[in-house]
Amino acid sequence: MDHRPPPEHVRRAFGLGAADVTPVGATWRAGDVVLEPVRDRAFAAWLCRTLAGLELPGLRVARPIGASDGRWVVSGWRARRHVSGVVEHRPDETVLAAVRLHQATADFARPPEPSERDGAFTLAERMAWDEQHQDLDEATGGRLFEILALARRPVSARDQLVHAELFGTLLFDGDEPPGLVGFVPHFRPAEWGAAVAAVDAVAWGGADGALLRRWSHLPAWPQLLLRATLFRLAWHALHPASGATTLDGLRRAANEVTELL
């Protein structure tokens, strides 16, 4: 994506006038406003409406800012409030944030399919839920996927809007509540989002199996952990940049999940 700053007419549309903007990663910041380029206009507008409708104590949401004419997206840019903090590995706080978030999104409508959604990402999710099939490279996770898939059992929990990319994306600032900046939508049982966060924490965040056991009171937890592991394994096997280190983490997580089945 082109990393030129937002043009002046975009800044003015979001009430920034001729304010100077400073690059922050792939975004640009002016005071407490962050301007972010978007590829998919319809999806970006949906994301803004969703985050604007979230009322959630215990989570700092990066509230979207509408343009002066009511639009959420102007010339390929959206705006939101700045949320302070940095990414930290706080596994239990992340799982708790997932639980609270998905309680708040229980009645939200099914999200649109982003036109830019990574094909491997979508395929991996469907494979985890036994909705699509494809041969996977045994050396990058395919063999472990095949073995674990045999343990799948039906899950009766209803599907709803969930965000399953929370670990490593929440922002933490001391004792402040976690900060939610984005939302990668799925339509699965609520606790699956928490399960993915927990599996990620064990695989790559230094957590151990005790984290999984601490949250075992959640409905259908072992089966949702299993599907979270299958999701990550399929994605790993499909991703061209996957390596031995990341697979070792998934093996570790798979061993811990197997203990709960």
Asp130/Arg153 ion pair, N-O < 4.0 Å: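 Salt bridge absent between Asp130 and Arg153.
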Salt bridge (charged side-chain N to carboxylate O under 4.0 Å, His left out) evaluation trace for Arg232 with Glu165: CA-CA 11 Å; Arg232 288 305 191 210; Glu165 301 297 324; 3.0 Å; yes
Aromatic ring proximity Phe231/Trp192, centre distance under 6.0 Å: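 They qualify: ring centres under 6.0 Å apart.
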Phe121-His186 aromatic ring centre distance below 6.0 Å: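 Judged by ring-centre distance (under 6.0 Å), Phe121 and His186 do meet the cut-off.
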Cation over ring face, Arg227 and Trp129, 6.0 Å, 45°: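 The answer is yes; both the distance and angle limits are met.
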Beyond-backbone contact of [X] with [Y], side-chain heavy atoms, under 4.5 angstrom:
{"X": "His163", "Y": "His102", "result": "yes"}
{"X": "Thr27", "Y": "Leu35", "result": "no"}
{"X": "Trp28", "Y": "Glu36", "result": "no"}
{"X": "Val87", "Y": "Phe172", "result": "no"}
{"X": "Leu101", "Y": "Phe183", "result": "yes"}
{"X": "Val162", "Y": "Val196", "result": "no"}

Worked check of salt bridge (charged side-chain N to carboxylate O under 4.0 Å, His left out) between Arg158 and Asp107: CA-CA 11 Å; Arg158 76 176 185 91; Asp107 296 323; 3.7 Å; yes
Side-chain donor or acceptor of Trp77 paired with backbone N/O of Phe14 under 3.5 Å: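 Judged by distance alone, no pair lies under 3.5 Å.
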Flag for His236-Thr140: side-chain donor and acceptor within less than 3.5 Å: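 No, no side-chain donor-acceptor pair sits under 3.5 Å.
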Side-chain donor/acceptor pairs under 3.5 Å, residues 53-66, sequence neighbours excluded:
residue	atom	partner	partner atom	Å
Arg60	NE	Pro177	O	2.6
Arg60	NH1	Ser84	O	3.1
Arg60	NH1	Ser84	OG	3.2
Arg60	NH2	Ser84	O	3.1
Arg60	NH2	Leu171	O	3.4
Arg60	NH2	Pro177	O	3.2
Arg63	NH1	Leu51	O	2.7
Arg63	NH1	Leu54	O	2.6
Arg63	NH2	Leu54	O	2.5

Show every donor-acceptor pair shorter than 3.5 Å between a side-chain atom in residues 253-261 and any protein atom, with sequence neighbours excluded, or say none if there are none.
residue	atom	partner	partner atom	Å
Asn255	ND2	Arg251	O	3.4
Thr258	OG1	Ala254	O	2.7

Heavy-atom pair with the smallest gap, counting every atom of Trp235 and Ala124: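 The pair with the smallest heavy-atom distance is N-CB, 3.4 Å.
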Heavy-atom closest contact (Val83 atom, Gly179 atom, distance):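 Here Val83 and Gly179 meet closest at CG1-CA, 3.8 Å.
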Arg188 vs Glu131, salt bridge (charged side-chain N to carboxylate O under 4.0 Å, His left out): CA-CA, chis, key distance, verdict: CA-CA 13 Å; Arg188 298 295 177 186; Glu131 296 171 351; 2.8 Å; yes
Glu146 and Arg143: CA distance, side-chain angles, deciding distance, salt bridge (charged side-chain N to carboxylate O under 4.0 Å, His left out) verdict: CA-CA 5 Å; Glu146 291 178 358; Arg143 180 54 180 162; 3.1 Å; yes
Mutual orientation of the aromatic rings belonging to Phe43 and Trp46 [parallel < 30°, tilted 30-60°, perpendicular > 60°]: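 Aromatic pair Phe43/Trp46 classed parallel.
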Arg41, CZ: over 12 other non-hydrogen atoms inside 6.0 angstrom: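 Counting other residues, nucleotides and ligands, CZ of Arg41 stays at 12 neighbours or fewer.
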CG/Asp69: more than 12 non-hydrogen atoms of other groups inside 6.0 Å: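 Result for CG/Asp69: enclosed.
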